[in-house]
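Here's the structure we're looking at; comments come further down.
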Protein chains: 2
Amino acid sequence: MTVASKTVSDVIHSHFGLLTRAEKQLAESLLDNYPVSGLGSITTIAENAGVSTPTVVRMVQKLGFKGYPDFQAHLHLEVEATISNPIAKHDRWAQNAPGTHILNRFADAIMGNLRQTLTDLDTATFDSVASLLSNRKRGLYFVGGRITGALAEYFFTHMQVIRPATTLLSSNSSSWPQYVLNMNAGDILIIFDIRRYEQEMVSLATAARKRGAEIVVFTDQWGSPAAKLARHAFRVRIEAPSAWDSSVVTLFIVEALIEAVQNSTWDETKERMKTLEGLFEQTKLFRKPG
Amino acid sequence: MTVASKTVSDVIHSHFGLLTRAEKQLAESLLDNYPVSGLGSITTIAENAGVSTPTVVRMVQKLGFKGYPDFQAHLHLEVEATISNPIAKHDRWAQNAPGTHILNRFADAIMGNLRQTLTDLDTATFDSVASLLSNRKRGLYFVGGRITGALAEYFFTHMQVIRPATTLLSSNSSSWPQYVLNMNAGDILIIFDIRRYEQEMVSLATAARKRGAEIVVFTDQWGSPAAKLARHAFRVRIEAPSAWDSSVVTLFIVEALIEAVQNSTWDETKERMKTLEGLFEQTKLFRKPG
DNA sequence: CATTCCCTGAAAATTTCTTTTCATGACAGT
DNA sequence: ACTGTCATGAAAAGAAATTTTCAGGGAATG
């Protein structure tokens, strides 16, 4: 094979599937902090990756290099190309693409959203919500709109594993009254409502409040009307260089909450997850193999 | 002497007057294309400078380094500092919270994931996939697993607005054969498969391939087995300070793709969205006000 | 349960790199 | 011109890195 035109990183990726366990471990170590991680001697990088030097030799040969020195020479060329090219000085995220590539523009926007959201976010709110969701006596109800329904589902799927009494409301508002009927005082309704706010969300929130439920809202910086009825609201920045809004930061908050809840009830959660594993295994036995 | 705070370049400059003819020659060779020129072995840089290796040793010792390896280690650190660190690391993202707050730790992790993913990502792959998805003659099929199903749904919901012929497969694998039956050659199957890879995904991918479908896989850095059958695969970093993997960066790629597709077919999409608006309005009229 | 295959790292063998030694030659001062 | 000093690189010695060999071990297969 010819290695000339492709970067070492490319070569590693294109061969990744063919690598063995120790080799994958090494490859990851190399790609982590690439390409600087490959600057040292074969002994050094073997140690950093936790593999033996023969593994290094075998892998670089498998990748098509003559030997470690050859491999390193290619890396040096790349380092040189990266450093000596002033434009490449990381005003861009994705290499080998213009700074105006959609990936780079998106990355900039998401960074800004994340920073702004976290600046505005009150960590006390976050902690309070995490604590609310950790309380197993409270039932959880998740609901999202047309677009945000997927986020609600994502949140629900995780919480369902972590704790009992979690319910995902259908995106179809006609079925909501039945869910409200089942809500008890102290239950929590988690609403995702991003702009083009859905009118029905307010009705749902009002009805839930009447049943004594607490409301947590994920919305954008302008605020869903449902946020006014909420005990806690997360105002997330959603701007993207796109005709669509970005849910990346919202998902970020959701994942952080999942971890916070899981962490605060780990002992109980651990048991649940073990049991779940068992159930999955059983389910597999019921099925015919692929 | 301590070399810690000063760069190697500084040290060379400050000692330049004390250097002999051959050493000055070597020093200039090093400063030319600094610091990359010092990456190779002592033999290499001696040759490049046109001096002998003992001259190199004598000079670096004169500069205060223990020996050539010591000298080179310092250079490596400088190269690393120059290359990495594209965005200054925030000691804390969320104000008024300790740096160890889950939000801050999560933000660090996601930033690392995003950076790493974009470094590894081939923009040509991204563009190819965007182009594939933009082709309205190709039917689109989305499928995800237990956790990633929400991502598939999110992607699907957007693409459904942007273009016709999009289908979301149920997470339940028993219904997949019927979908495969409807696939035509050239159709595209978008698979989300993150670790704890689901065995059925490979079967699905194989079956789809037999029907002539192209496969695009979203997976993690270790790679779903289904990725081997794929025309294109996105390897996304998913590590988080959590018992769960993070889907944030995956969602990022999805959103960027949505925008890329939408952008490349804006004229057609615009019409569709207008029509859709109208349909939503109509639906509202059918309902009683909340 | 035996067998095969292949990954893996310890250790040896080999190559390369780094340092030291030392002879040569240039130059300055006498 | 003689002598001492010092820079310089060839070559040897020493150290480290790289590659190869090989045996143990684990997973897959029959």
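Chain letters run A, B, ... following the sequence lines, proteins first, then strands; residues in each count from 1.
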Could you tell me if [Y] and [X] have a donor-acceptor pair between their side chains, going purely by distance under 3.5 Å?
X: N172(B); Y: S174(B); answer: yes
X: D122(B); Y: H13(A); answer: no
X: S246(B); Y: E255(A); answer: yes
X: Q262(A); Y: W244(B); answer: yes

Send over the distance from [X] [atom1] to [N] [atom2], rounded to a whole Å.
X: R58(B); N: dT21(C); atom1: CZ; atom2: P; result: 12 Å
X: Q25(A); N: dT8(C); atom1: CD; atom2: C1'; result: 11 Å
X: Q72(B); N: dT16(C); atom1: CD; atom2: P; result: 18 Å
X: L19(A); N: dC6(C); atom1: CG; atom2: P; result: 16 Å
X: E47(B); N: dC17(C); atom1: CD; atom2: C1'; result: 12 Å

Look at all strands and tell whether [X] reaches a base, only sugar-phosphate, or nothing, counting heavy atoms closer than 4.0 Å.
X: S41(A); answer: sugar-phosphate
X: R21(A); answer: sugar-phosphate
X: Q61(A); answer: sugar-phosphate
X: T53(A); answer: base

- [ ] Considering only heavy atoms of chain B and a distance under 4.0 Å, specify the first and last nucleotide of DNA chain D in 5' to 3' order that meet this criterion.
- [x] dA7(D) to dA11(D)

Open item on the list: Under a 4.0 Å threshold between the charged nitrogen and the carboxylate oxygen, would D245(B) count as salt-bridged to R195(B)?
Closed with: yes

Task: N184(B) (side chain) donor-acceptor with G139(B) (main chain) under 3.5 angstrom - done: no

Open item on the list: Can you confirm whether more than 12 heavy atoms, excluding those of R138(B), are under 6.0 Å from its CZ atom?
Closed with: yes

- [ ] For the side chain of P69(B), starting at C-beta, report the closest nucleotide among dT18(C), dG9(C), dT20(C).
- [x] dT18(C)

Open item on the list: When you measure from the side-chain N and O atoms of T55(A) to the phosphate of dT8(C), is any distance below 4.0 Å, counting only OP1 and OP2?
Closed with: no

